[in-house]
Student: 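Dumping the structure here so I can ask a few things about it.
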Number of protein chains: 2
Amino acid sequence: MYACTFGVLARRERGLIRKKVAELAGVSEATVSRVLSGVGTVKEETARRVMEAARQLNYVPSALAQRFALRRSGNLGVILPMLPKVNLFSTYYFSEVLSGIGMTAKQRGYDLLLLFREPDEPRDYANLFRTQKVDGCIIIGAQDVPSERAALAELREGNHPFCLVNQRYDGEDYNSVDADQRTGCREAVRHLLAQGCRKIGFLNGPAVYSNSKDRLRGYREALEEAWLAFLPERVLLGNYSRTSGYQQAKAVAALVQAGHIDAIIAANDRMAIGLLQGLKESGVKVGEDVALIGCDDSDIVRMTDPPLTSIRVPFFDIGSEAASRLLDAVADQDGSAAFDVKLPVKLITRASSSAAGTTKA
Amino acid sequence: MYACTFGVLARRERGLIRKKVAELAGVSEATVSRVLSGVGTVKEETARRVMEAARQLNYVPSALAQRFALRRSGNLGVILPMLPKVNLFSTYYFSEVLSGIGMTAKQRGYDLLLLFREPDEPRDYANLFRTQKVDGCIIIGAQDVPSERAALAELREGNHPFCLVNQRYDGEDYNSVDADQRTGCREAVRHLLAQGCRKIGFLNGPAVYSNSKDRLRGYREALEEAWLAFLPERVLLGNYSRTSGYQQAKAVAALVQAGHIDAIIAANDRMAIGLLQGLKESGVKVGEDVALIGCDDSDIVRMTDPPLTSIRVPFFDIGSEAASRLLDAVADQDGSAAFDVKLPVKLITRASSSAAGTTKA
DNA sequence: ACCCCAAATGTACACGCGTACATTCTCTCA
DNA sequence: TGAGAGAATGTACGCGTGTACATTTGGGGT
């Protein structure tokens, strides 16, 4: 019955309710506002009366009106590429990052506004701020292409707080939170060297993602550190999809059979899995004929045969950290310095990274 | 330079801009509003002048103020369980449904407000509407437990538009969009029967999810349709996680080796994969000693060895349909009838569902 | 008893839009 | 040419908050 009454009120008498609460508590509307928003000084006894009156009349302030009055949307925008069917990135990646962002945003009283960016769509991020839909935004899956650079430059111009996840741009010091892929790949190489491998290949992703370059750099550094040559013919290119890994399997199998490669690192797990499948079909045994290491340590690597050694990336923490830092910047607005966080990764070794008879034979 | 000027304006002179646009175009603010919102009659020539003035002054109406004035948040809420680390559902599931919702919402001019529900948190969905944060909401991963029922009843009482995804409640005719799991399982059983299997087991998920019951029902119906007995000892219980499938593998292996089972259907792919791994360790060969069918046809089933036969569920379409129907209801408010959509599923056969030497031996 | 200051509360209004209603313009038809 | 009707536009205000400023209250020190 109360609920029903309220249903009607909700539609036409939103504003009048506050007045009624004020009357019932014997105070002015301003005091009601002060009590419910927790701002300003108010006698404890009065506060109790107001709370009780509000409870009794089932009054809750309208977030819509509050945000309008405060000129803050209270929303944290999250921009991510639309990813139906085509799983360019792994869904694991997105759901972890998103969860991290969501948890932190919630703790700090922000709502999450999800914004899917379609591939061909013009990237007008600044408009989100102009229309006051968000107070800050996190951009996932950004690429180093002119249109993206332009969109980000516009954000910078407008002094709109934003943060990149797993991406950075040469020459720009945009806020970003990333994994230390470079160190991760370096350690992957070191691990393979320790296993006795000497001819290590690398299956990378597109260079529009800065972490592709980071990984390659780590790979190269670790080789040079061990006085081994960096050979371009051992570096292959995929697009982070399973299919692209599968397609490169023939080439890799040929290299293995010719004795040109005894190990390979794939820049993400999906490509590693495609590779694994393709190699299996070509009769190359991963973990025996060749060692294989993936990247991300997504949940699927435990399900393959053999299980995949992989570089664990703290995606949840990346999301959480990005949201936290960004919301600091939103609160501080001008006073806060730019940040560029790199979170540590960790190599998780499993059966796939045994090489050339090291284990089984 | 303009951008910088605007940066300042954005903070203090939001409202004054519209006045300037009006002056520049030689009209009143009301006309500016009419032109930009596309409501009311305006001479074409005037409209052009206003558009040009707005462009020149870089004016865009504040969505915040618009929504406040219209008393509509413009947001479609999506409630989903927080899923970091523990992948109770597959991330594939969520990302597909979410993408479907997102695409439709975008087409219809709504924004997506993402709301993570933490396990222990009280479910107060109605408050989202009271505070006017959303105009409607979609609930994913709802369970048939008292607290959830109470929260939904409150929504109903308040006449708030909402829609369930993949869940329904006996005795309530809430809006819902679901997959036809019952038919799907029936066809899975039929397929196994056609393969020559006669002793078909079933690994189900918790009964708090209505689709668990639907699947079991389809399984049972197909057996009875073939004049085969429904044997409770062939029905096992997991919790939709890979681990739970893995844990049941020993029991299943025993059943297989004792000749009590020649096929098994798992209620989702994750459990099927856990099962597959466990059976492999127990020396039971899937696709030879026992047929295995999963459910969801998520992207991982193509990566296992052998590839998994699975029931394809159109998750993207489910999300899309839910959003579409719900937004209709939001627009129509009282005039719209409740809906209860069931989308068709499709059995995708792969190597895992060959049984007892039907193929290989 | 008086004053002063801080705490507590009330009054009044801005926030930026949409729109009901009033007004002016324009064109047609008598 | 005038009137009438509909299109085009202007005027004025409400939407539900937060808060600056004014006012009242209460208590301690002289």
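Residue numbers begin at 1 in each chain, while the letters A, B, ... track the order of the sequences.
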Student: Are B:Phe162 and B:Tyr174 near enough that their ring centres are under 6.0 Å apart?
Tutor: yes

Student: Does A:Arg55 pair with A:Glu52 as a salt bridge, N-O distance under 4.0 Å?
Tutor: yes

Student: Does A:Gln66 place a side-chain N or O at less than 4.0 Å from the phosphate oxygens OP1/OP2 of D:dG16?
Tutor: no

Student: Going 5' to 3' along nucleotides 6-11 of chain C, which nucleotides have protein heavy atoms under 4.0 Å from the base (write B), which only from the sugar-phosphate (write S), and which from neither (write -)?
Tutor: --BBBB

Student: Does A:Glu45 CD have over 12 foreign heavy atoms under 6.0 Å away?
Tutor: yes

Student: Could you label the plane-to-plane angle of the A:Phe315 and A:Tyr93 rings as parallel, tilted or perpendicular, counting under 30° as parallel and over 60° as perpendicular?
Tutor: perpendicular

Student: Go through D:dT17, C:dT19, C:dC17 for me and flag the one nearest to the B:Ser62 side chain.
Tutor: C:dC17

Student: How long is the line joining CG of B:Leu16 and P of C:dG16, in whole Å?
Tutor: 7 Å

Student: Rounded to whole Å, how long is the line connecting atom CZ of A:Phe68 with atom P of D:dG14?
Tutor: 15 Å

Student: Can you tell whether the side chains of A:Arg108 and A:Asp328 come within less than 4.0 Å, N to carboxylate O?
Tutor: yes

Student: Which whole-number value in Å describes the distance from A:Arg130 CZ to C:dG16 C1'?
Tutor: 18 Å

Student: Are the charged groups of A:Glu154 and A:Arg130 less than 4.0 angstrom apart, N to O?
Tutor: yes

Student: Atom CZ of A:Arg71 and atom P of D:dC15: how far apart are they, to the nearest Å?
Tutor: 20 Å

Student: Let me check the geometry of the helix from C:dA1-D:dT30 to C:dA30-D:dT1. What is the bend angle between the axes at its two ends, five pairs each, to 10°?
Tutor: 50°

Student: Could you tell me the separation between the CD atom of B:Glu45 and the C1' atom of C:dT26, rounded to a whole number of Å?
Tutor: 16 Å

Student: Taking B:Asp340 first and then B:Arg325, would you say they form a salt bridge - that is, a charged N and a carboxylate O separated by under 4.0 Å?
Tutor: no

Student: A:Ile17 has an atom CD1; how far is it from atom C1' of D:dT17, in whole Å?
Tutor: 14 Å

Student: Which of the following nucleotides, C:dC15, C:dG18, C:dC17, is nearest to the side chain of B:Ser37?
Tutor: C:dG18

Student: Check the distance between C:dT19's P and B:Arg18's CZ and give it to me in whole angstrom.
Tutor: 11 Å

Student: B:Leu70 side chain: which of D:dT17, D:dG14, C:dT19 is closest?
Tutor: C:dT19

Student: Grab the CG-C1' distance between B:Leu64 and D:dC15 for me, whole Å please.
Tutor: 13 Å

Student: Would you call A:Lys20 and A:Glu23 a salt bridge, using N to O less than 4.0 angstrom?
Tutor: no

Student: Could you tell me whether B:Glu121 and A:Lys106 have a side-chain N and a carboxylate O separated by less than 4.0 Å?
Tutor: yes

